[in-house]
Number of protein chains: 2
Amino acid sequence: MAAGAELFRRNGYAGTGLKQIVSEAGAPFGSLYHFFPGGKEQLGEEVIRTSGLAYIALFDLFIVPADDVVSGIEAFFAAGIATLEATDYVEGCPIATVALEVASTNEPLRKATADVFTAWIDAGTERFARFGLGREAARTLTITAVNNLEGAFVLCRSLRDTEAMAVAGAATVDVARRLLQEHTEL
Amino acid sequence: MAAGAELFRRNGYAGTGLKQIVSEAGAPFGSLYHFFPGGKEQLGEEVIRTSGLAYIALFDLFIVPADDVVSGIEAFFAAGIATLEATDYVEGCPIATVALEVASTNEPLRKATADVFTAWIDAGTERFARFGLGREAARTLTITAVNNLEGAFVLCRSLRDTEAMAVAGAATVDVARRLLQEHTEL
DNA sequence: GTCTATAACATGATAGAC
DNA sequence: GTCTATCATGTTATAGAC
């Protein structure tokens, strides 16, 4: 299933063939339908959910250990730049490509991506709130971070340039500063 | 070709069949290869370029006539929310889905999306600079707006909710305020 | 010159041999 | 229970009839 995650992220859902997946995984074709009786859709849904939820670890890796909200955000987006450069702009968000593809064409898969994004927002809200931000402010900041990260992945991967990701980090910092000023009990 | 643009945006590049396009367009199958000898790839590239460049008109529609930068940005993102609601979350960015799909799989199409994004950034930079922002600041603001717009389209279409687009507008306003403070000659 | 019919191939899914 | 061989269908692309 790791092979499926990689291919779905690179080629999208419709653009990835099941034969391609089993070939990449070195598995025989029949076993796919043994483990995923629901076929491509079930495989796609499990890939979305597992690889999506794994990304929550990034909050714990970059935001939680930071000294303050701003430096946490800076580390988070610096990691995004590093990933783009290290993977020659192939590795971006694990589910964004599929999310856009299925948003209006496949309701079960759309629901799976929505559950993942909801989990991201809830997790980020909880992490940012630890720095003294109110719940609403922490939620706004998380959505801002995800917005900027996802949008920058689109621009950076298309343009093969990290400028947009640097701008995204700076923008998220601006929002953090505004929210800190408004909502922290001094 | 208008039918192709609509289907590519909804279903993505790999997910849209040529038969589907000619059927939707009410055209016979053979005529497609008469007008597009390069087949699906040529059609895809022309769809990306034309529907992408058409979006530059949005800058002239919402940013240029505004009284100031902030209210222009607010009108811009309010229009994004209205579009999502009016189209039941099917109409987002005309090229984002395809851009992510082809970023690492089809170099001619990736280049087409990159040219469109570059044109957007250049156009936005020129429009924002009219309000007295320096060239660099205007460019940063444009990239911030596109980042936030694209990212919010991903979240909004997946979650079927406009909250992320409202947050994206507010974030872009925050960046505009910071840049205005730093770079305007008072 | 326009379009129908078909070729050549890939896809998702299954049945049935081991 | 594991996997090979195949099915039915849908894909892009191209002939060739009108």
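Throughout, a chain's letter reflects where its sequence line sits, starting with A, and its residues are numbered from 1.
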Engineer: For A:Leu18 and D:dA5, what is the distance between atoms CG and P respectively, to the nearest whole Å?
Structural biologist: 19 Å
Engineer: With respect to the phosphate group of C:dT2, does any side-chain polar atom (N or O) of B:His34 fall under 4.0 Å of OP1 or OP2?
Structural biologist: yes
Engineer: Rounded to whole Å, please give me the gap between CD1 in A:Ile21 and C1' in C:dA10.
Structural biologist: 14 Å
Engineer: Separation of B:Lys19 atom NZ from D:dT9 atom P, in whole Å?
Structural biologist: 12 Å
Engineer: Would you check if B:Thr172 and B:Phe76 make a side-chain contact, meaning some heavy-atom pair closer than 4.5 Å?
Structural biologist: no
Engineer: Side chain of B:Pro28, heavy atoms from C-beta onward: which of D:dT12, D:dC3, C:dC3 has the nearest atom to it?
Structural biologist: C:dC3
Engineer: In this structure, how many angstroms lie between the P atom of C:dC3 and the CG atom of B:Leu32, rounded?
Structural biologist: 12 Å
Engineer: What is the distance, to the nearest angstrom, from the OH atom on A:Tyr33 to the P atom on D:dG1?
Structural biologist: 22 Å
Engineer: Assess whether atom CZ of B:Arg135 is packed by more than 12 heavy atoms of other residues, nucleotides or ligands within 6.0 Å.
Structural biologist: no
Engineer: May I have the distance from B:Phe29 (atom CZ) to C:dT4 (atom P), rounded to whole angstrom?
Structural biologist: 12 Å
Engineer: From NZ of B:Lys40 over to C1' of C:dA10, roughly how many Å is that when rounded to an integer?
Structural biologist: 12 Å
Engineer: Linking I/L/V/M/F/W/Y whenever any side-chain heavy atoms sit under 4.5 Å apart, do A:Leu53 and B:Val154 land together?
Structural biologist: yes
Engineer: Identify whether NZ of Lys or CZ of Arg in A:Lys40 sits under 6.0 Å from the centre of the six-membered ring of A:Tyr33 and within 45° of that ring's axis.
Structural biologist: no
